[in-house]
Amino acid sequence: MSEYKFPKGFLWGGATAANQLEGAYNVNGKGLSTDDLLLGGSVDTPRKITRTEEEGAFYPSHEAIDHYHRYKEDIKLFAEMGFKVYRFSIAWTRIFPTGLEDEPNEEGLKFYDNLIAELKKYNIEPLVTISHYESPIRLTKEFNGWESRKMIDQYVKFARTIINRYHNDVKYWLTFNEINILARSMGAYLAGGMYVGDSNVFNNTEVNTDQMIFQALHHQFVASAIVTKYAHELDSSLKMGCMLAYRMIYPLSSNPKDVAYAQKMTQMNNFYCGDVQVKGYYPYFAKRYWDEHNIKLDVLPDDNEILKEGTVDFYTFSYYQSTTVTTSKDAKVSKGNFFNGVQNPYLKKSDWGWEIDPEGLRTALNQIYERYEVPLMVVENGLGAQDKLVEENGVKTVNDDYRIDYLQGHVKAMAGAIYDGVDLKGYTSWAPIDLVSASTGEMRKRYGYIYVDKHDDGSGTLDRYKKKSFYWYQRLIKDNSLGD
Ligand code: BGP
């Protein structure tokens, strides 16, 4: 291909999550979320959870980048880049501060009224993630989060409230961010608000982690399906999507054992959740997994019907890297976004050890489309890197050619997949503006086209500066194609 063209109307934009950028964690009636009790960490030090807010402790989400008070300035910058779509999440605890209230918090709803109005002003299509890695901490304490079926009602109440309020302006909805991450240990806290294993800070009871996690996932599937069906009945113009952390998995060698292992991992990490949400039923290999792990799912008589009636309209996913696996014990471990594989000799790594693999995105897009044949969107992709703010002709900027290289490679891969015939509707890179890292809580792991003067110790003016990649993305959106 000499040119990398995108279809007319392709949705270019960016993606964020409330707890990673809004700040204002206790403002205008907002309650404490699971993320508000997470301390910062680093690439080698896992983030810790505290039981209550500890005096003097630094919680990255509390101020984050103060988007709550600066959303107009930020959206103006997104509009300047030419965004067609903006993916953001609604903080559950702004709307239902403890999760248990009968009536929503009007001030919380007003914040999103204003944010959505601001997007509309610039003709930017909102894409809302209903639950992105946080839930009211009160629900964790009461129910241990999604371990309990009672979470379904709480989630449905929250989701209906925001869908009722915004459906005239918001046509695209994702029920859960990276739903498959719930099956990872830290993911259980982030995505489910549950305490498992070492993270169990509220009590020290022994838990069957597999049993608990897969039961929790079942509850999320049911909740997602109920809300999807509800949205379709309320307004047939609404498009409901699933969202997974897609894991493109390669066998390290052609040893048939490695190939079989890679297939098994692909099934459980990608297709287990995708099949339930797109096809409406558990895949054939689920039973084998449950039996092998002594999992006995508590499925109510109506659940299977609910799953069938609540299938999604489109499939979205995050893609940062690929994962290589082997059955050999000698291979060197490699770091990743919640998944560790082994080092792939053909790939380079980011500063945080995530292997960079644009070609894998084209393969992933084909793999997903071949299985589901529904419209796709890449709703997260980007490079977390350390940036250096410099001054050129009196203007502060970052010369982030490394980020442009990364993004360009992935944009070419998407063009390739479209050329292959994949129905890809849009791309929201993570994240258009620097914000708090989910896995490490750091600010210095930066993804943005916009630099934010905020640092890991909490210092900084919070001023925004355009990086070189800002202009690169602006050009790409304007041309809707990438030159050679
Ligand atoms: C995904 C999450 C995002 C985001 C991204 C980058 O898993 O959905 O919330 O943070 O990863 O990861 P990190 O922030 O850990 O670098």
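Read the numbers this way: they start at 1 and go in the same order the structure lists the ligands and their atoms.
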Any N or O of [X] closer than 3.5 Å to N or O of ligand 1:
X      : answer
Thr440 : no
Ala438 : yes
Trp354 : no

So for Trp352, does at least one of its heavy atoms come nearer than 4.0 angstrom to any atom of ligand 1?
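It does not; every heavy atom stays at 4.0 Å or beyond.
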
Under 4.0 Å from a heavy atom of [X]: which atoms of ligand 1 are those, numbered in the order shown and with their elements?
X      : answer
Tyr447 : 6 (C), 12 (O), 13 (P), 16 (O)
Ser437 : 13 (P), 14 (O), 15 (O), 16 (O)
Asn177 : 8 (O)

Would you call the rings of Phe96 and Phe158 parallel, tilted or perpendicular if under 30° counts as parallel and over 60° as perpendicular?
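Plane angle over 60°, so perpendicular.
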
Nearest 0.5 angstrom please: Leu190 CG to Arg47 CZ, how far?
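One gets 7.5 Å once the value is rounded to the nearest 0.5 Å.
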
Between Ile181 and ligand 1, find which residue part has any heavy-atom pair under 4.0 Å and reply side chain, backbone, both or neither.
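For Ile181, no heavy atom sits under 4.0 Å from ligand 1.
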
Heavy-atom side-chain contact between Phe78 and Tyr71 under 4.5 Å
no

Is Asp434 salt-bridged to Lys454, going by a charged N under 4.0 Å from an acidic O?
no

Between Arg464 and Asp453, is there a side-chain N and carboxylate O pair less than 4.0 Å apart?
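A salt bridge is absent here (no side-chain N lies under 4.0 Å from a carboxylate O).
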
Decide yes or no on side chain to side chain donor-acceptor pair (under 3.5 Å) for Ser469 and Asp400, but give the supporting numbers first.
CA-CA 6 Å; Ser469 56; Asp400 54 346; 2.6 Å; yes

